[in-house]
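Throughout, a chain's letter reflects where its sequence line sits, starting with A, and its residues are numbered from 1.
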Protein chains: 2
Amino acid sequence: MTTRKRRPSGEASREHILSIALGLFREKGFDGTTMRDIASAAGLSLGAAYYWFPSKEALVLAYYARQQDAHAEAARGALETMPDLRSRLGAVMHAKIDMLKDDRKLLRAILRSTLGADEPTSVFSEETSDVRRKAIATFHDAIGKDESIPEDARPLFAQALWTLHLGLLLYFVSDTSEDQGKTRALVDGSLDLVCKLAPLLASPMLGPMRAEIAALLQNAGLFAAKK
Amino acid sequence: MTTRKRRPSGEASREHILSIALGLFREKGFDGTTMRDIASAAGLSLGAAYYWFPSKEALVLAYYARQQDAHAEAARGALETMPDLRSRLGAVMHAKIDMLKDDRKLLRAILRSTLGADEPTSVFSEETSDVRRKAIATFHDAIGKDESIPEDARPLFAQALWTLHLGLLLYFVSDTSEDQGKTRALVDGSLDLVCKLAPLLASPMLGPMRAEIAALLQNAGLFAAKK
DNA sequence: GACCAAATTTGAACATGTTCAGATGTTAGG
DNA sequence: CCTAACATCTGAACATGTTCAAATTTGGTC
């Protein structure tokens with residue numbers, strides 16, 4: 001309550017602009033929608049839109065956060081009722097696809113900036129680390145206390161699942177099959193394989209390899225060892 | 001010789017523009033370089049640049065093709081002298097990194113459009129399928145007739161290596177370590193693992209799973225079964 | 001109510017990718 | 001040489017993301 005008391009109609013503008021923008025993105029695509037379109041559809045001037053969102057890509061960032069929160073929420077519900085690892089993972093993935101199913105065009109248009117290395121909207125960027133952390137946590141929750149995955153392997157496994165999920169989404173955005181059936185099949189097939197293969201890494205034969213993988217990723221800075 | 005006889009100074013312009021453009025990209029980045037910069041540095045008008053390259057991204061496409069040819073060439077040389085699978089794969093990967101080592105800034109700037117689904121410059125697009133096919137062929141050559149990889153598994157393995165190589169490049173472009181040491185380590189570590197794990201998929205225990213993977217990818221259209 | 005500072009909005013610029021109608025040069029045939 | 005057809009190039013537009021100084025509104029304070 002120091003200086004943060006004022007936001008009477010302010011934040012409402014922000015939400016309003018974001019809704020209008022996402023609607024236009026879905027309808028006309030990302031490139032097909034102009035910042036001037038957004039501003040005028042929202043009943044504001046161009047400059048006002050830039051007051052709330054410093055760039056067109058900032059709208060994408062806001063979309064990320066919104067989706068991630070919604071997904072975490074949806075996943076939380078599904079996780080409670082699922083008895084085993086495989087079905088929990090399936091629930092998480094399918095919940096995401098259900099949620100994004102009508103946004104494929106939007107996602108496709110956005111994709112270019114979500115994989116870049118420099119871009120602030122990159123899935124790997126500092127700016128999106130919050131969203132990323134939450135997403136990985138959702139997978140960690142899905143793993144739960146399943147005994148087939150040794151406890152110390154769970155963070156690594158969660159991260160691997162997140163990476164797999166990125167790959168699946170990459171496929172998904174261009175999947176024009178009925179109800180995204182091909183993506184669903186790919187999701188289920190991948191998860192079947194993963195659930196069969198993952199426990200093998202705990203077996204005597206492949207056990208040491210797990211440490212090798214973890215070390216490799218840690219040296220590359222791709223995986224932060226917990227405490 | 002029907003109507004294609006004229007190109008006295010013509011194609012030279014094209015090459016000249018491309019060289020100038022790549023130089024500027026390396027020096028000032030992709031976004032930092034303006035089509036007007038390119039045109040004036042090449043001693044031409046803006047329109048002339050657009051006569052030869054219909055868009056800024058077209059310059060990127062030309063860069064792809066040029067790099068891929070150079071890499072295939074470099075790899076071919078290295079392959080002949082390497083006795084075993086592991087060293088051949090290492091030669092291919094390291095040749096690529098050597099070749100791109102000074103273009104990291106350029107690649108980073110370009111990356112955004114190389115992973116998009118719609119973009120013509122996407123590594124997955126129709127427009128780049130030639131380059132992609134050649135790149136996968138290079139890996140196929142590296143596998144050669146190594147007995148640890150069953151013959152019918154080689155196309156799939158080659159494609160997997162190409163995908164791994166994409167991931168490694170994604171890491172590479174942002175790797176600021178001395179002489180890209182971290183990337184080199186990641187390359188070697190990944191290849192060690194791959195060479196250890198791949199033969200397992202031919203073992204009795206995991207053999208059936210190989211077919212499962214192939215079927216999964218084929219149904220998704222991600223892997224074209226040969227003949 | 002008058003007034004101040006911060007929050008919000010405006011409108012006019014600017015930079016840059018792209019397009020295009022026309023100018024200019026080049027080649028082949030007469 | 002002259003001319004038609006084509007290749008190449010030019011310069012001026014246009015569209016759109018972004019910036020910014022200034023105007024306006026808002027909420028609290030005297």
Side-chain angles (χ1 to χ4, degrees), chain A residues 1-18 20-22 24-25 27-63 109-110 112-113 116 118-121 127, chain B residues 1-18 20-22 24-25 27-63 106 109-110 112-113 116 118-121:
Chain A
M1 292 139 195
T2 55
T3 46
R4 305 256 148 288
K5 333 183 193 179
R6 318 205 174 96
R7 81 210 105 141
S9 67
E11 290 296 315
S13 265
R14 204 188 135 87
E15 274 307 301
H16 184 223
I17 292 172
L18 181 55
I20 296 277
L22 293 181
L24 288 174
F25 287 162
E27 186 187 330
K28 319 202 297 179
F30 187 71
D31 287 331
T33 304
T34 239
M35 284 300 276
R36 287 166 178 79
D37 291 344
I38 296 171
S40 88
L44 288 171
S45 77
L46 181 58
Y50 272 93
Y51 176 78
W52 290 107
F53 296 92
S55 73
K56 202 176 175 184
E57 294 204 329
L59 288 159
V60 174
L61 249 3
Y63 170 75
I110 280 175
R112 114 184 54 149
S113 50
D118 279 346
E119 313 297 316
T121 44
E127 286 86 341
Chain B
M1 292 146 193
T2 55
T3 47
R4 303 259 149 287
K5 334 185 193 178
R6 316 197 176 105
R7 82 209 106 147
S9 67
E11 290 294 315
S13 265
R14 204 188 136 86
E15 274 307 303
H16 184 222
I17 292 173
L18 181 55
I20 296 277
L22 294 181
L24 288 175
F25 287 162
E27 186 187 330
K28 318 200 300 179
F30 186 70
D31 287 331
T33 303
T34 233
M35 284 300 276
R36 288 165 179 79
D37 290 343
I38 296 171
S40 89
L44 288 171
S45 77
L46 181 58
Y50 272 93
Y51 176 78
W52 290 107
F53 295 92
S55 73
K56 202 176 174 184
E57 293 204 331
L59 288 160
V60 174
L61 250 2
Y63 170 75
L106 169 58
I110 281 175
R112 117 183 54 150
S113 50
D118 279 345
E119 314 297 316
T121 42

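Put simply, NE2 on A/His16 is 16 Å from C1' on C/dT8, counting in whole angstrom units. Atom-to-atom, CG of B/Leu24 to C1' of C/dT16 comes out at 15 Å; the value is rounded to the nearest Å. Protein atom CG of A/Leu46 is 16 Å distant from nucleotide atom P of C/dC14, rounded to whole Å. What separates CG of A/Leu44 from P of D/dT25 is a distance of 14 Å, to the nearest Å. Distance A/Arg14 CZ to C/dA7 P: 15 Å, rounded to the nearest Å. Rounded to a whole Å, the CZ atom of A/Phe53 is 21 Å from the P atom of D/dT16. A/Met35 places its CE atom 15 Å from the C1' atom of D/dC20, with the value rounded to the nearest Å. The interatomic distance linking B/Tyr50 (OH) with D/dG11 (C1') rounds to 15 Å, in whole Å.
Put simply, A/Trp52 has a side-chain N or O that comes within less than 4.0 Å of OP1 or OP2 on C/dT9. Distances shorter than 4.0 Å separate some side-chain N or O of A/Ser13 from OP1 or OP2 on C/dT9. Side-chain N/O atoms of A/Tyr51 include none lying less than 4.0 angstrom from OP1 or OP2 on C/dT9. Listed pair B/Thr34 / C/dA15 fails the phosphate criterion, with no side-chain N or O lying under 4.0 Å from OP1 or OP2.
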Between B/Leu59 and B/Phe25, is a side-chain contact (heavy atoms from CB on, under 4.5 Å) present by the stated rule, with each step listed? CA-CA 10 Å; B/Leu59 288 160; B/Phe25 287 162; 4.2 Å; yes

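Here the straight-line distance linking atom CD of B/Glu15 with atom CH2 of B/Trp52 works out to 10.5 Å at 0.5 Å rounding. Distance check: B/Leu46 CG to B/Asp37 CG gives 10.5 Å after rounding to the nearest 0.5 Å.
Candidate nucleotides D/dG17, D/dT10, C/dT18 were compared by shortest atom distance to the side chain of A/Lys56, and D/dG17 ranks first.
For A/Ala49 and A/Arg36, each mapped to the nucleotide of DNA chain C holding its nearest heavy atom, the one lying further toward the 5' end belongs to A/Ala49.
In this structure, the side chain of B/Thr33 engages the main chain of B/Leu24 through a donor-acceptor pair within 3.5 Å.
Contact annotation: the side chain of B/Leu44 never approaches that of B/Tyr51 to less than 4.5 Å [non-hydrogen atoms, C-beta and beyond].
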